[in-house]
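A quick note: this is a predicted structure, and the numbers were derived from the prediction, not measured. Values below: every heavy atom of this structure, side chains too, minus hydrogens, waters and symmetry copies. Ligands are counted one by one from 1 in listed order, and the atoms in each one are counted from 1 as well.
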Amino acid sequence: MNPAKDENGERDRREYSIMEMELESLYLVSQILSRSLDFRETLHEVLKVLNDSNNLQYAMIALLDENSGDLLVTTLHASPTPFDLVRYRPGEGIVGAIMCSGDSLVIERLAEESRFLNRLGVYDSNLPFIGVPITIGDHTAGVLAAQPLVGLAQLIRQARFLEMVANLIGQSVRLAKSVEVEQLELKSERDSLRRKVRGEHGFSNLVGHTRNMRLVFDQIRQVAKWNTTVLVRGESGTGKELIANAIHYNSPRANGPFIKLNCAALPDSLLESELFGHEKGAFTGAISQRKGRFEQAHGGTLFLDEIGEISPAFQAKLLRVLQEGEFERIGGGKTLAVDVRIVAATNKALESEVQLGRFREDLYYRLNVMPIHMPPLRERSEDIPDLVGFLATKIGKSQGRELVVAESALGPLMRYEWPGNVRELENCLERAAVMSEEGRIDSRAISLTGLQSGFSLLASGSGVSSVDIDDPDLDERERVIAALEQAGWVQAKAARLLGMTPRQIGYRIQTLNIKVRQI
Ligand SMILES: Nc1ncnc2c1ncn2[C@@H]1O[C@H](COP(=O)(O)OP(=O)(O)O)[C@@H](O)[C@H]1O
Ligand SMILES: [Mg+2]
């Protein structure tokens, strides 16, 4: 028997079991930290491990608050009383000192440490204290500290152990912060995209101040609030899709999806799978399950364009979803329920389609709950100057230059009938813009688009312009131009229309900077 050897063996065993314990703790800590990116939650558990397995009591973590530059105690283990928000300025107390120097501090007896502030009010001043920096890259991002319940001989190894834990914490905080920053960036990008989409689809891009357009805007405002089905009616190119957009983006569903489907573009069989989706293997080519537009639009709005074009068989299927809000995917037995607001559009006279037996009456009533009629452009030609300005800016943007529309272009544009409505006007301006190298659209550029050849004079019986010169919405300049148009640009005649003398109109033409067309 050799007592010295025995003692050594005993110490080795103790050392070994402490090392094992530390290794086990490091393993646990790394597991906890990798489980979640919410470090406020995981850090609590980390401190619990230190307390339960490693004789480290009142373990606490203070992290740098980037806004104030102070250290904030974020986590404290087993505080006997709930702790108030405690902060240390860099250099303040033991924690602030570690923050400044970036070095660990091992104190054998707290009472002998002059920097000790006991702001948390939990520590036993007769015991030792260890604080280590939490570093991210090359800067100190916080402090991990605890009061060890071990003999002095163990202090240095405890400090080493805490440094390892602090390194793990540093990595996890760094990762969480970078993800947080990324998420914030994504969120702000999403919000700004949302604002942009709203701007593009709100009212600001709906040009029109004539009485019939103001009525349309009022209707949109009214109807947007509710879930009512809306049927937008009007000739092609009058802005029906724009209206559907405006309804969605001004409704409580604005943050939900806005899904479109052009019913005229697809044959029945495809239309069905587009709208209702299909299960894997439902038909040849259905290689995987697919959600239909109805499901995609859940919580939002589904825009069914050209609804007048669907076959009677399909009308029956659609009616069921509209009535019951339920449907099945093709090849699927499960009935799905969705919360979708329907906006439909058509340029067809659905009433006569119903009479001819081509459109189901019940579906017609179901859709026509709240009709909005888009006036054709020829019935609101007073809006043309504004539309031209708006569209020229839009086209200019897409061409990366500024387009100017000369006064001389407006006459021909206002006299044309526009059977293709705003879309045709937009196309015409785009062509004119392409023709004009310096970005100035004048009557010559307009005539180059071939518009003149398609001319049919508006209201041919009564004159040239249908603008009502007594319309209170016209400003002075618009009124004078309208009168000149109607008078075939004979100033004396225009003056009579306006109840002015030729001198007065001449003066206004000059001050309002109206370019007089020679005829
Ligand atoms: N009131 C309006 N203000 C500005 N642009 C309009 C207006 N009405 C239509 N447009 C434009 O005209 C084009 C055709 O509109 P769209 O909504 O597709 O018509 P529809 O669906 O009735 O055929 C689009 O480029 C649209 O932006
Ligand atoms: Mg359309």
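- At a heavy-atom distance under 4.0 Å, only side-chain atoms of R380, from C-beta outward, approach ligand 1.
- Polar contact check, L206 against ligand 1: no nitrogen or oxygen pair lies under 3.5 Å apart.
- The backbone N or O of H209 sits less than 3.5 Å from a side-chain atom of R214, completing a donor-acceptor pair.
- Here the side chain of N421 pairs a donor or acceptor atom with the backbone of L377 at under 3.5 angstrom.
- At the shortest separation from atom 4 (C) of ligand 1 among protein heavy atoms lies N205 O, 3.3 Å.
- For ligand 1, none of its N or O atoms has an N or O atom of V422 under 3.5 Å away.
- Of all heavy-atom pairs between L64 and G69, the closest is CD1-O, 3.5 Å.
- Looking from atom 18 (O) of ligand 1 to the surrounding protein, the closest heavy atom is R423 NH2, 2.8 Å.
- At least one donor-acceptor pair closer than 3.5 Å links the side chain of T346 to the backbone N or O of K348.
- Neither the backbone nor the side chain of M374 has any atom closer than 4.0 Å to an atom of ligand 1 (non-hydrogen atoms only).
- By the criterion of a heavy-atom distance under 4.0 Å, the side chain of K394, and not its backbone, is placed next to ligand 1.
- Here E185 does not pair with R190 in a salt bridge; the nearest charged N to carboxylate O distance is not below 4.0 Å.
- Taking the six-membered ring for Trp and the full ring otherwise, Y364 and F359 have centroids separated by 6.0 Å or more.
- Of the N or O atoms in G237, one or more lie within a sub-3.5 Å distance of an N or O in ligand 1.
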Q. What do the steps show when you test N212 against T210 for side chain to side chain donor-acceptor pair (under 3.5 Å), and what is the final call?
A. CA-CA 6 Å; N212 41 16; T210 49; 2.8 Å; yes
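- By the criterion of a heavy-atom distance under 4.0 Å, the side chain of L387, and not its backbone, is placed next to ligand 1.
- Scanning the protein for heavy atoms near atom 3 (N) of ligand 1, the closest one is V207 N, 2.9 Å.
- Between the side chain of T75 and the main chain of I61, no donor-acceptor pair closer than 3.5 Å is present.
- Any N or O atom pair closer than 3.5 Å counts here, and M213 shares no such pair with ligand 1.
- Counting atoms of ligand 1 from 1 in the listed order, those under 4.0 Å from a heavy atom of E241 are 17 (O), 18 (O), 21 (O).
- When the heavy atoms of D386, D383, L242, V232 are ranked by distance to atom 6 (C) of ligand 1, first place goes to L242.
- Under a 4.0 angstrom heavy-atom cut-off, S236 registers as being in contact with ligand 1.
- The closest protein non-hydrogen atom to atom 19 (O) of ligand 1 is G239 N, 3.1 Å.
- Of all the atoms in ligand 1, the ones that sit under 4.0 Å from a non-hydrogen atom of E426 are 11 (C), 12 (O), 13 (C), 24 (C), 25 (O).
- R293 places a side-chain N or O within donor-acceptor distance of the main-chain N or O of K260, the cut-off being under 3.5 Å.
- Taking 4.0 Å as the cut-off, G234 does not count as a neighbour of ligand 1 on heavy-atom distance.
- Using modelled atom types, one side-chain atom of R253 and one backbone atom of G300 make a donor-acceptor pair closer than 3.5 Å.
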Q: Evaluate the criterion salt bridge (charged side-chain N to carboxylate O under 4.0 Å, His left out) for residue pair E235 and K240; output intermediate values, then yes/no.
A: CA-CA 9 Å; E235 292 174 14; K240 296 187 294 295; over 6 Å; no
